[in-house]
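First up is the structure itself, then whatever we jot down about it.
Atoms within a ligand are numbered from 1 in the order they appear, just like the ligands themselves. Owing to the predicted nature of the structure, the values given are computational and were not obtained by experimental measurement.
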Amino acid sequence: MANNRTFTMIKPDAIAQGNEGAIIQKITNSGFKILALKMTRLSREKAQAFYAVHEDKGFFEGLVDFMTSGPIIAAILEKKNAVEDFRALIGSTNPEEALEGTIRNLFASNIQENAVHGSDSDENAAIEAAFHFNDDEIVTY
Ligand code: IDP
Ligand code: MG
């Protein structure tokens with residue numbers, strides 16, 4: 001099976017706690033290749049657009065506040081079965097339900113401040129990657 005891509009963000013809580021290095025190490029140790037990587041800060045508009053699928057949810061405004069509260073690290077990752085394997089590596093949205101050793105089990109504070117984003121489908125991975133990166137910021141190797 002060919003390699004494919006997923007998109008991730010290391011969220012502001014993880015960076016505020018100094019966990020970004022440990023998270024990147026766990027990602028690369030798990031066989032993901034980094035094809036693009038950037039430290040950035042989301043505007044309110046970008047955070048709202050990224051999470052537009054959740055705009056009717058009660059947690060939406062809080063989520064936008066949180067995601068704009070500090071810098072994030074955005075990355076495109078490549079691996080065989082990337083989307084599914086990365087969701088397994090990060091664990092459940094709610095860290096209380098995340099399996100032992102997953103990134104959210106290790107580094108998330110609560111269901112909102114849960115350390116990392118991971119795309120939920122190949123289609124969304126492509127949309128999210130293009131949302132954050134231009135073609136000339138993505139390497140192949
Ligand atoms: P996911 O990140 O595991 O795919 P989604 O349901 O897509 O989870 O939710 C997107 C993000 O919104 C979560 O990662 C989390 O930061 C936040 N979120 C999800 N559900 C809740 C909630 O019930 N309360 C507060 N924040 C939530
Ligand atoms: Mg999601």
Side-chain angles (χ1 to χ4, degrees), residues 1-140:
M1 186 180 152
N3 283 348
N4 52 22
R5 294 177 179 186
T6 192
F7 172 79
T8 187
M9 293 184 286
I10 301 176
K11 296 185 179 182
D13 59 317
I15 294 174
Q17 293 169 39
N19 290 328
E20 64 273 34
I23 291 171
I24 291 169
Q25 181 157 41
K26 215 165 155 50
I27 291 170
T28 53
N29 282 351
S30 301
F32 292 87
K33 216 151 113 176
I34 297 172
L35 302 186
L37 186 71
K38 130 164 64 171
M39 172 78 79
T40 186
R41 187 159 180 161
L42 296 177
S43 65
R44 269 199 98 71
E45 292 67 32
K46 270 202 122 175
Q48 285 166 343
F50 187 86
Y51 283 113
V53 65
H54 295 303
E55 68 191 352
D56 295 333
K57 310 257 171 68
F59 61 78
F60 181 70
E61 282 304 315
L63 176 61
V64 171
D65 289 344
F66 162 57
M67 289 301 296
T68 57
S69 67
I72 60 140
I73 293 171
I76 300 172
L77 307 173
E78 184 184 73
K79 188 182 176 297
K80 183 164 74 88
N81 206 30
V83 167
E84 193 183 338
D85 285 4
F86 193 71
R87 294 291 302 202
L89 178 65
I90 69 178
S92 298
T93 310
N94 184 350
E96 288 176 16
E97 293 163 12
L99 296 182
E100 184 130 5
T102 58
I103 291 175
R104 283 169 166 168
N105 167 256
L106 292 168
F107 301 112
S109 301
N110 54 58
I111 195 171
Q112 176 181 265
E113 301 189 4
N114 60 2
V116 282
H117 168 81
S119 304
D120 63 8
S121 66
D122 287 350
E123 187 191 359
N124 282 335
I127 292 168
E128 292 170 1
F131 186 88
H132 286 273
F133 292 101
N134 298 317
D135 283 347
D136 66 0
E137 297 176 297
I138 306 169
V139 301
T140 51

With heavy atoms under 4.0 Å as the rule, classify the contact between [X] and ligand 1 as side chain, backbone, both or neither.
{"X": "H54", "result": "side chain"}
{"X": "E113", "result": "neither"}
{"X": "R104", "result": "side chain"}

(request) Answer with yes or no whether the side chains of N114 and K11 bring together a donor and an acceptor at under 3.5 Å. (result) yes
(request) Look at E137 together with K38 and state whether they make a salt bridge at an N to O cut-off of under 4.0 Å. (result) yes
(message) Taking the basic N atoms (NZ, or NE/NH1/NH2) and the acidic carboxylate oxygens, is any pair closer than 4.0 Å for E61 and R44?
(response) yes
(message) Under 3.5 Å between any N/O of Q112 and any N/O of ligand 1: does that happen in this structure?
(response) yes
(message) Just to confirm my output: which protein heavy-atom neighbour is closest to atom 15 (C) of ligand 1, and how far is it?
(response) I111 O, 3.2 Å
(message) How far is atom 19 (C) of ligand 1 from the closest protein heavy atom, and which atom is that?
(response) F59 CZ, 3.5 Å
(request) Answer yes or no: does atom CG of D135 have more than 12 heavy-atom neighbours from other residues, nucleotides or ligands under 6.0 Å? (result) no
(message) Could you work out, for atom 3 (O) of ligand 1, the closest of T93, V64, L63 by heavy-atom distance?
(response) T93
(message) Quick check on M67 - does any of its heavy atoms sit under 4.0 Å from an atom of ligand 1?
(response) no
(request) Give the minimum heavy-atom separation between K26 and T102, together with the two atoms involved. (result) CE-C, 4.5 Å
(request) Classify the ring geometry between F7 and F50 as parallel (under 30°), tilted (30 to 60°) or perpendicular (over 60°). (result) tilted
(message) If I take atom CG from residue N81 and atom CG from residue D122, how far apart are they, to the nearest 0.5 angstrom?
(response) 8.5 Å
(request) Pull out every atom of ligand 1 sitting under 4.0 Å from any heavy atom of N114, numbered as shown with elements. (result) 13 (C), 14 (O), 15 (C), 16 (O)
(request) Go through ligand 1 atom by atom and flag the ones less than 4.0 Å from a non-hydrogen atom of R87. (result) 1 (P), 3 (O), 4 (O)
